[in-house]
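Below is one structure; the comments refer to it alone.
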Amino acid sequence: MAHGAALRRRAARARGWPGQERLRSLPPGTAGARTVAGLSERWPRGVVTGISPEAPLPASCRPTGRDVRPSECARQQHSRGKAARRGTQSKEFGQGNRGTGDPGRKWARGLSRARARGSRPWPWRLRATERARLAKAVGCSLDEIAITRGATEALQVMIGGYNKLKPGDAVAYADLDYDSMQYAMNWLKDRRGVDVITTAIPEPATYQNVIDHYTKLLSDNPRIKLLLLTHISHRTGLKVPISEISRMAAERGVDTVVDAAHSWGHVDFDVKDLNSPFVGFNLHKWIGAPLGCGFLYIQKDRLGDIDRHFADEDFDADDVRSRIHTGTANSANYLSIPAALDFHHAVGAANKFARLQYLRDRWVKQVVDVPNLTVMTPEDHRMYGALTSFRIDGNTTREQSVAITDYLTNEWGVFTVRRGGVAKGEVIRVTPALYNTPQDSDLLARALKAAARRF
Ligand SMILES: Cc1ncc(COP(=O)(O)O)c(C=O)c1O
């Protein structure tokens, strides 16, 4: 007779994931429905769970795991003994949630049991199912994605492996791009003999001035052949109009490589919407998979432009998996990806985005008129998601930023992080998560008004 737990598992499989039935029952053609490589996934915008951005999240979507509390996040991020009372900063390690619990641990146990029985859970084979789920979710075909340990790994292999550069060509990146991608672009100088051009995104930024800025950059520097773009900046939270810039670049014969580490999972889009042949993602920020999960996307007809990873021979040259050879990785993490996607779909991408923008708007609206406080993202819904940084005028050094973040943590129990690397000086970033409440935003706004008077 089957064991009780096995029966429960079988029943759960038959039931499917939360919200699945509701999605299935929606009529074809519902807004947001997407069809990918013949597979149809109904993903209606804003109606999956009926969550309005103002409403508190239903209990099933709230995090309950020990390691997802804001205070725990604060400790993990900065090893601070004294944890923040309210977290407005959760992105580094993702949000976690009751839907996925800690799937990594569950799968790790499963893998150890399999090993104990003598069977060998071969990571590459195990990844096939997860790749299929990902391809469908992000809107591309299976042969366009390969799983990596994160966005850094995905983008490093695409930047380093891009084989169309010749000595004398140039590549370009901006101040708001992520450090490790900037390093990879700098490395191309020695690796490919190219010039590396850097630029600073306009501040204050607008939808049009960012597009105009990149247009001028490419017009003034016709030797640029590869351009790094970041969909959502981890420094200021600026959401860059990737689709328009990539199209403009392609018209000039320039390829773009896009860092989508911070966007997919909280912004609702398909990879094809970006109009870029090379995109790197992670899954541990906004999708809530365990640490160490990401993937790369290479447009099918552009695979030949990226070298095989260290001359990989495990896969054929026309197989995208030959573009990343990680070795023995943590299969338990990869096996958890479907559970994380289940949760993501159950809440609904559009619902997540609406909720996060609402929490962001709520604090920004209360401080936007404070004379000595600058909000780093414009009041244009196309230009931000959850993350938004601020600067208290004149506080542009690391020491000054640390003083402000310490004040917010210690006096107000609000956790924020400083970010350097912005051409005009340091900023402080606020990142609400799904589990933050409107009251957290209000508390933050009060804290910022007090900080602006003090610093
Ligand atoms: C914009 C951006 N790109 C890339 C990364 C690196 O992502 P990963 O940790 O998946 O390597 C980060 C991490 O914070 C990021 O913020």
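Atoms within each ligand, like the ligands themselves, are counted from 1 in listed order.
- Remark: side-chain polar atoms of Lys352 are not paired, donor with acceptor, to backbone N or O of Leu434 under 3.5 angstrom.
- With a 4.0 Å cut-off on non-hydrogen atoms, Ala151 touches ligand 1 through its backbone as well as its side chain.
- With a 4.0 Å cut-off on non-hydrogen atoms, Asp259 touches ligand 1 through its side chain and not its backbone.
- A side-chain N or O of Thr374 and one of Asp393 form a donor-acceptor pair less than 3.5 Å apart.
- Residue pairs meeting the salt bridge (charged side-chain N to carboxylate O under 4.0 Å, His left out) criterion with at least one member in residues 226-241, sequence neighbours excluded, are Asp179-Arg235.
- Contacts of Thr152 classified as side-chain contact (heavy atoms from CB on, under 4.5 Å), with partners at least two apart in sequence or in another chain: Gln156, Tyr178, Ser180, Met181.
- Counting only heavy atoms from C-beta outward, the side chains of Leu238 and Met383 approach each other to under 4.5 Å.
- Not one N or O of His234 is nearer than 3.5 Å to an N or O of ligand 1, by distance alone.
- Numbered from 1 in the order shown, with element, the atoms of ligand 1 that lie under 4.0 Å from a heavy atom of His262 read 16 (O).
- In summary, the atoms of ligand 1 found under 4.0 Å from a heavy atom of Met181, numbered by their order in the structure, are 4 (C).
- In this structure, Phe281 and Phe295 have parallel ring planes: the angle between them is below the 30° cut-off, well short of the 60° mark.
- Between the side chains of Asn395 and Glu426, not a single donor N or O lies within less than 3.5 Å of an accepting N or O.
- Close contacts between ligand 1 and Lys285 involve ligand atoms 12 (C), 13 (C), 14 (O), 15 (C), 16 (O) [criterion: under 4.0 Å to a heavy atom].
- For Glu153, no heavy-atom contact with ligand 1 is shorter than 4.0 Å.
- The shortest N or O to N or O distance between Asn282 and ligand 1 is below 3.5 Å.
- Within the 4.0 Å heavy-atom criterion, the part of His284 lying near ligand 1 is the side chain and not the backbone.
- Taking every non-hydrogen atom of Gly150 and a distance limit under 4.0 Å, the qualifying atoms of ligand 1 come out as 10 (O).
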